[in-house]
Every structure is written in C-alpha cells, then in structure tokens.
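Presented below is the structure to which this report refers.
Every heavy atom of this structure was used, including side-chain atoms; hydrogens, water molecules and symmetry mates were not. We're numbering straight along the sequence, starting at 1.
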Amino acid sequence: MKTLSIHSSVGKDELLIYKERVEKIHCMLDKYAATGWIDFPIQNHQKLFDSISYIASEIKACADVLVVIGVGGSFLGARAIQEALTPYFGLPKGGIEVVYVGLNMSGAYMKEMLAYLDSKQVYVNVISKSGDTMEPALAFRVMRLYMEERYGDKAIERIIVTTDAEKGILKGIADKAGYRQFVIPDNIGGRYSVLTAVGLLPVAVAGVDISELMNGARHAATELAQSDLAFNDAYQYAVIRHILHEQGYSVELLASFEPGLSKFHEWWKQLFGESEGKNRKGLYPSTVSYSTDLHAIGQYIQDGRRIMFETLLHFNEIEGDMAVPYDMRDEDGLNYLTNRTFNEINAISKQGTALAHAEGDVPVIQIELPMLDAYHLGYLIYFFMRACAMSACLLEVNPFNQPGVEAYKQKMLQLLKGEKAAKK
Ligand code: PA5
C-alpha cells in the first residue's frame with residue numbers, strides 16, 4: 001500500500017502540463033541557502049538523535065513539566081506532533097507534560113503558567129534560531145529568573161537552549177551561563193525545522209517515538225526526491241493547488257476530522273502562509289476541524305462566496321475507537337448505528353462532506369494516509385514541506401524568507417522605544 005495517496009478533480013493531462021516546469025524548479029531548489037531540511041532526514045544524524053533521547057530521558061526522570069519557549073517555526077511543529085500523537089486527556093504514555101510559552105505576550109498567560117509550575121518539577125527548553133525574537137526572549141527572561149530562584153545553582157542543569165551554532169543573543173547567554181545546547185542548522189529555516197532538535201526534543205519528552213517519526217520522514221525524503229511530476233505526490237499537490245489558484249480560488253482550507261490534528265493545522269498554516277504570502281501573491285491558508293466546524297463555518301463553505309477549495313486530510317486508522325452502544329429504548333432512534341464504530345461514522349461523514357462540498361462547487365483535494373502514528377506523521381510533515389517549497393517556486397516567490405514579519409516588529413519596537421515615526 002502507498003504511504004500517501006492524493007485525489008482531486010484536476011485531470012492528469014492538466015497536471016502534466018507542468019511537468020517540465022516542475023523538473024526545472026526541482027533542479028534549481030538548492031540555489032537557495034535554506035534547503036538543508038531537504039536531505040536532513042536521509043543524512044546520518046544518529047549522534048544527535050542519541051543525545052536528544054538521552055536528555056529527554058533525563059528530563060522525564062527529573063521533571064513533571066517541560067516548558068518550551070518559542071514562537072512560529074520554533075514551537076508550532078513540536079506542538080502539532082505532540083497533540084496529534086498523545087492522548088486527549090491526562091498525561092502522555094511514556095512522557096511528561098509539555099507546555100508552551102513565548103508564543104504570545106499575554107501577561108495573564110505568563111502569570112498563570114508560573115503559578116501552575118509552582119507545584120511541579122520543571123525543565124526549560126528555549127528555542128530561537130535568531131536568538132532575539134521578542135516573544136520568546138521576554139518569556140526566557142522570566143523563566144530564567146524563575147528557575148534561578150527555585151533551583152539556585154542547579155538551574156543551569158535544567159535549562160536547555162536550542163539556537164544557532166554561532167550567532168545571536170541567546171547563543172551568547174547560553175555560552176556564558178554554560179547551558180547545554182542543541183544547534184539549529186544554519187541552512188534550515190524556522191518553519192522547516194520541526195524534524196531537527198527544534199521539534200524532536202520537546203516531542204521526545206512528550207513520549208513520541210522520534211525514531212519512527214524520522215523513519216517516516218526518511219521514507220518521504222527518499223520517495224519525494226523524484227523530479228518527475230508523474231511520480232511525485234508532493235509536487236502533484238503543489239501543482240493541483242497552483243492550478244486551482246490560477247482558476248481564481250484564493251483560499252485553501254485544510255480540513256480534517258480528528259481533533260488531535262488541529263495544532264497540525266496551525267503548523268501547516270504557518271508553513272504555507274509564511275512561505276507563499278509575498279509580493280501580493282499566495283493562496284490564503286485557512287483550516288477547519290470537522291465535525292465541529294461543519295456546524296460553525298460549514299454553511300459558508302457550502303453556500304457562501306466561491307473563493308475556496310478544500311484539502312481533506314484523512315488517516316484511515318486512528319488508535320482508539322468505540323462502537324455505538326445498543327440501547328433497547330431506542331428513544332433517540334440511533335439503534336441503526338449500533339453495528340458501527342465512531343471512527344467508521346466519522347469516515348462516512350468525511351465522504352459525505354467531500355461529496356456535498358464538491359456539489360457546492362468547492363473543489364476537493366483528498367490526501368489519505370493509512371494510520372495516524374509517528375511514522376505517517378513524519379512522512380506527512382516532509383510531504384508538506386516539499387510541496388510548499390515547490391508551490392512557492394511556482395508562484396515565483398522565495399519559499400524560505402519572511403520579510404513581511406519584520407514590519408510589525410519594527411513598528412512595535414519604535415512604539416516601545418517611544419519613537420514618533422511609528423505613530424504616523
Ligand atoms: O519560519 C520562521 O522562520 C519563523 O516563523 C520563525 O520560526 C519565528 O519567527 C521564530 O524565530 P526565531 O526562532 O528566530 O525566534
């Protein structure tokens with residue numbers, strides 16, 4: 001069985017018109033400096049993985065909570081994997097609680113978290129490639145002082161820094177204090193870094209099997225290295241969304257039917273949004289979690305402005321399921337479902353949704369994987385990164401920079417430092 005399959009209403013002939021262009025982009029991709037993620041899963045990083053597993057075991061043995069400090073690409077991937085692969089309720093199997101801070105500047109969030117930590121043993125993993133992003137920098141200032149107050153000299157053992165090998169304020173702080181460090185490779189940008197120590201340490205602490213995750217990513221990196229569009233599913237997805245975009249659809253809705261994937265949606269949204277939204281171009285990436293959103297935004301999707309197409313993400317098997325129980329009273333009239341499980345009904349609701357939306361003139365792309373587990377999630381992450389790079393290049397924008405993010409930072413800094421220029 002294929003690891004991933006993709007279906008859409010775009011015909012093969014229409015797709016293959018892009019064959020040569022895709023091949024050309026494929027061969028030119030490494031002209032960009034930030035493509036270290038492409039071969040990372042197929043290179044030998046065993047020493048790094050061993051060191052991540054070793055420190056993760058130490059954290060699990062000595063702490064109740066790992067506080068991850070990071071924003072954007074420095075936390076979204078880890079939180080996506082954690083939420084997708086750990087239980088909905090209670091502590092993860094084989095892991096400990098992982099919480100995130102530095103992803104916002106809410107004083108209430110920060111204060112509540114510190115109070116929450118007071119009754120727990122804590123480790124901190126601060127992640128920032130540049131080392132000077134305001135949100136995580138502020139959170140780290142708070143957490144560092146908190147750890148020093150609680151653990152004194154021993155705080156140094158409980159703070160792990162993931163940052164650049166050479167530059168940045170955080171690197172300087174880490175060297176001076178003697179914190180243990182993981183390196184974010186220079187040639188891997190934030191939103192493409194989830195399969196490095198950036199994502200791997202937090203999820204290993206949460207109990208995720210990182211070797212399975214990387215096995216899946218490795219499989220994808222091998223399969224999707226194929227330059228021929230006819231055999232490369234990631235490139236096919238990129239071309240299909242490009243064709244739909246050219247037809248006038250300006251929004252892509254990523255939809256799935258498993259609530260544990262809602263944070264994965266956030267990771268996907270950032271990947272495509274920051275990679276493509278440049279020079280007044282790019283599909284607007286939006287996401288929905290079904291069934292919940294069928295009863296919220298479903299009306300608009302079915303019947304509102306025809307500006308969107310939908311990408312349905314589906315895992316055929318989900319660990320954990322239950323049958324609809326028999327009730328002899330049948331007052332709710334649901335006994336006809338008693339030979340079905342919830343996951344079966346969920347899968348049928350997906351089919352129904354795809355049919356209804358297609359009938360309502362919402363083009364539907366379906367991406368299917370056999371099972372929601374570490375292996376297939378690793379595959380899917382790599383799949384989307386490959387597709388995203390190709391898709392941005394088809395739009396003729398650089399997939400690996402984010403100049404627009406600087407605009408708000410500059411205004412904010414001017415305002416914080418009282419400069420009048422920001423007020424005009
Ligand atoms: O994709 C990106 O590069 C960004 O989203 C960054 O990850 C984000 O801005 C955080 O940057 P840093 O890791 O430098 O703190």
Side-chain angles (χ1 to χ4, degrees), residues 2-8 10-45 73 77 185-196 214-247 252 254 267-268 270-279 281-283 285 309 311 365 367 369 376 378-402:
K2 268 185 90 175
T3 312
L4 180 148
S5 56
I6 175 161
H7 306 281
S8 81
V10 174
K12 207 169 176 194
D13 292 349
E14 208 180 340
L15 194 76
L16 291 180
I17 292 174
Y18 284 83
K19 189 173 153 47
E20 271 178 35
R21 220 174 132 199
V22 163
E23 209 146 328
K24 237 186 224 159
I25 295 172
H26 174 93
C27 298
M28 277 167 39
L29 254 188
D30 53 18
K31 85 171 165 46
Y32 291 106
T35 45
W37 57 273
I38 293 182
D39 288 333
F40 192 86
I42 49 178
Q43 292 160 347
N44 184 357
H45 294 290
D186 199 34
N187 59 357
I188 301 186
R191 58 192 174 278
Y192 293 84
S193 69
V194 50
L195 299 171
T196 69
M214 290 311 292
N215 282 343
R218 189 171 311 117
H219 185 182
T222 315
E223 260 182 17
L224 304 174
Q226 167 71 256
S227 66
D228 188 340
L229 177 60
F231 300 101
N232 189 317
D233 290 320
Y235 291 168
Q236 287 182 19
Y237 168 60
V239 171
I240 293 166
R241 63 199 295 285
H242 186 77
I243 290 173
L244 292 170
H245 189 28
E246 297 271 283
Q247 288 173 0
E252 179 177 15
L254 180 73
W267 170 80
W268 174 90
Q270 191 228 0
L271 177 67
F272 280 89
E274 275 195 0
S275 299
E276 289 197 329
K278 286 156 207 173
N279 309 339
K281 295 182 189 175
L283 274 160
F309 67 88
T311 298
I365 303 174
I367 296 177
L369 294 104
H376 293 97
Y379 190 100
L380 185 64
I381 285 169
Y382 189 89
F383 166 89
F384 276 133
M385 294 198 298
R386 257 288 177 188
C388 184
M390 175 55 67
S391 190
C393 289
L394 286 168
L395 279 176
E396 296 176 356
V397 298
N398 178 346
F400 308 118
N401 64 3
Q402 54 285 329

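Listed by chain and residue number, H219, E223, Y375, H376, Y379 satisfy the side-chain contact (heavy atoms from CB on, under 4.5 Å) test with T3 (two or more places apart in sequence, or in another chain). For K2, the side-chain hydrogen bond (donor to acceptor under 3.5 Å, both in side chains) criterion is met by D233, not counting sequence neighbours. Applying the salt bridge (Lys or Arg N to Asp or Glu O under 4.0 Å) test to K31 and every residue at least two apart in sequence or in another chain returns nothing. By the side-chain hydrogen bond (donor to acceptor under 3.5 Å, both in side chains) test, E246 pairs with no residue at all, sequence neighbours left out. Applying the side-chain hydrogen bond (donor to acceptor under 3.5 Å, both in side chains) criterion to Q226, with sequence neighbours excluded, gives no partner residue. Remark: I17 pairs with no residue by the side-chain contact (heavy atoms from CB on, under 4.5 Å) rule, at least two apart or across chains. Contacts of H26 classified as ring-ring contact (aromatic ring centres under 6.0 Å, His included), with partners at least two apart in sequence or in another chain: Y235. In this view, E23 satisfies the side-chain hydrogen bond (donor to acceptor under 3.5 Å, both in side chains) rule with no residue, not counting sequence neighbours. Annotation: salt bridge (Lys or Arg N to Asp or Glu O under 4.0 Å) contacts of D228 (sequence neighbours excluded): K19.
Residues I38 and R386 meet the side-chain proximity criterion, which asks for heavy atoms closer than 4.5 Å. Within the 4.5 Å cutoff, the side chain of I365 has heavy atoms near those of the L244 side chain. Under the 4.5 Å side-chain criterion, counting only non-hydrogen atoms from C-beta, D13 is not in contact with L15. You'll find the side chain of I381 stays beyond 4.5 Å of the side chain of F384, heavy atoms only. Taking 4.5 Å as the limit, every side-chain heavy atom of R191 sits out of range of all side-chain heavy atoms of W268. By the 4.5 Å heavy-atom criterion applied to side chains, V194 and W267 are counted as neighbours. Looking at N187 and T35, their side chains never come closer than 4.5 Å, going by heavy atoms from C-beta outward. Looking at T196 and P185, their side chains come closer than 4.5 Å, going by heavy atoms from C-beta outward.
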Could you list the donor-acceptor pairs under 3.5 angstrom formed between side-chain atoms of residues 388-401 and any protein atom two or more places apart in sequence or on another chain?
unit_1 : atom_1 : unit_2 : atom_2 : d
S391   : OG     : R241   : NH1    : 2.6
S391   : OG     : E276   : OE2    : 2.5
N398   : OD1    : F400   : N      : 2.8
N401   : OD1    : K278   : NZ     : 2.9

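Of the N and O atoms on the side chains of S275 and Y192, at least one donor lies less than 3.5 Å from an acceptor on the other residue.
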| query | Step by step, would you call V239 with R21 a side-chain contact (heavy atoms from CB on, under 4.5 Å)? | reply | CA-CA 10 Å; V239 171; R21 220 174 132 199; over 6 Å; no
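Here the CD atom belonging to E252 is positioned 6.0 Å from the CG atom belonging to L283, to the nearest 0.5 angstrom. Here CZ of F40 is found 5.5 Å from CD1 of I188. Values are rounded to the nearest 0.5 Å. Within the model, atoms CG of L254 and CG of L271 stand 11.0 Å from one another, a figure rounded to the nearest 0.5 Å.
Checked by atom type and distance alone, the side chain of R218 pairs as donor or acceptor with a backbone atom of P41 at under 3.5 Å. Proximity of a side-chain donor or acceptor of N232 to a complementary backbone N or O of S227 within less than 3.5 Å is not detected. Between the side chain of Q236 and the backbone N or O of L229 there is at least one donor-acceptor pair closer than 3.5 Å.
Here the shortest heavy-atom pairing between A34 and G189 reads CB-N, 4.5 Å. Closest heavy-atom contact between S8 and I240: OG-CD1, 3.5 Å.
Enclosure of atom CD in Q247 by more than 12 non-hydrogen atoms of other residues, nucleotides or ligands within 6.0 angstrom is indicated. Within 6.0 Å of NZ in K281 there are more than 12 heavy atoms belonging to other residues, nucleotides or ligands.
A ring-ring contact (aromatic ring centres under 6.0 Å, His included) with H242 is found for exactly one of Y237, Y18, F309, namely Y18.
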